[in-house]
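Notes follow once the structure below has been shown.
Here is how names work: the chains are called A, B, and so on, in the same order as the sequence lines, proteins then strands, and each is numbered from 1. Source: prediction; values computed, not measured.
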Amino acid sequence: MIKYIHNTYLEKPGIEHVVRMIYDCLFDLYGPQGWWPLIDLHETSWETHSKKNYTKGYHPGNYKYPQTSDQQFEIIAGALLTQNTSWIQVEKTLLNLKQLDALSPEIIIPLNLEALKEAIKPAGYYNQKAICLKNLAILFLELKHRVPTREELLSLKGIGPETADSILLYAFKQPFFVIDAYTRRIVTNLRLVDEKANYDEIKALFEGNLPHNPVIYQEYHALMVEHAKRYYRKKVSCTTKCPLLKIVPD
DNA sequence: AACCAGGACGTGA
DNA sequence: TCACGTCATGGT
């Protein structure tokens, strides 16, 4: 008996196995990624990090972050700032904000808008991002340590599905899988979804075939980014050499 | 010197 | 719904 389902990936047998195998393969290749990066981690946490993979800001194998309210807000800010922007530019902006002592919502909200825009400049789109960052700060305080709903985040102008999921997954450790441009390129190249699949369809591919575990979601997403940086750059991309092609059917 | 980077939004078809 | 232009800085 044949089930008719719109999404092509559901027509393929064993998709759950494929999704989990990709994770195992990437983890074997690259190891834990230590997302979300934070601009300065406590010195005491150094020993608990696997030193050899450690890059500034990342904390591979350590899933206890964020530990403070300010770290939580730093992740939220980073998720917004990195929209269509490389992380190096986001780091500059985060350091600018830190210099203004503005990496906390209480300071950002009353901060002079022009000063905020100036700090955000390295990350681009500074006019929109400055407004949005203030609105995020306001929402964050209104929450009073409650976890926001996805709808609350999406209701803010400038917060789309990926940023909302990033905030929920990395700042609040909720099981919302993040789909970014890299992840899209990989799963379409592997023919796991149709090329014109929308955000929610790709999201469902992962959420529907993995344990609803935020640690797995975090690691998986970060691994996809690392992998894509090696095989799926827009220029000089070598998608035909992607090692995952060997373990995926077809 | 174009092209791209861990997107989102407004518009018109 | 969906394709397309726009937002903007700084790397390669």
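Using a distance-only test at 3.5 Å, with no hydrogens or angles considered, a donor-acceptor pair links the side chain of A:Lys173 to the main chain of A:Lys64. Looking at A:Gln128, its side chain never comes within 3.5 Å of a backbone N or O of A:Gly158 through a donor-acceptor pair.
A side-chain contact (heavy atoms from CB on, under 4.5 Å) with A:Ile75 holds for exactly one of A:Trp35, A:Tyr65, A:Tyr170; it is A:Tyr170.
Taking atom CD of residue A:Glu91 and atom P of nucleotide C:dG10, one finds them 15 Å apart after rounding to whole Å. Between A:Lys92 atom NZ and C:dA8 atom P there is a gap of 18 Å when expressed in whole angstrom units. Rounded to a whole Å, the CG atom of A:Leu81 is 13 Å from the P atom of C:dA8.
Between A:Tyr220 and A:Phe206, the ring planes are perpendicular. Angles over 60° get that label, and only those under 30° would be called parallel.
B:dC3 is unpaired under the criterion used here, namely a Watson-Crick or G-U wobble arrangement in which both key atom distances are under 3.5 Å. Base pairing analysis places C:dG11 opposite nothing; no Watson-Crick or G-U wobble pair with both distances below 3.5 Å involves it.
In this structure, A:Lys203 fails the cation-pi test against A:Phe177, since its NZ or CZ atom is not both closer than 6.0 Å to the six-membered ring centre and inside 45 degrees of the ring normal.
Among the atoms of the strands shown, only primed sugar atoms or phosphate atoms (P, OP1, OP2) are found under 4.0 Å from some heavy atom of A:Asn127.
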Readout for nucleotides 5-13 of chain B: B = base within 4.0 Å of protein heavy atom, S = sugar-phosphate only, - = neither; 5' to 3' it is BBBSSS---
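Between B:dG6 and C:dG5, the two P atoms lie 23 Å apart (nearest whole Å). Distance noted for atom P between C:dA8 and B:dG10: 14 Å (whole Å). Going from the C1' atom of B:dA1 to that of C:dT9 covers 16 Å, rounded to whole Å.
By the rule that a glycosidic angle within 90° of 0 means syn, C:dG11 counts as syn.
The environment of A:Lys134 atom NZ is dense: over 12 non-hydrogen atoms of other residues, nucleotides or ligands sit within 6.0 angstrom.
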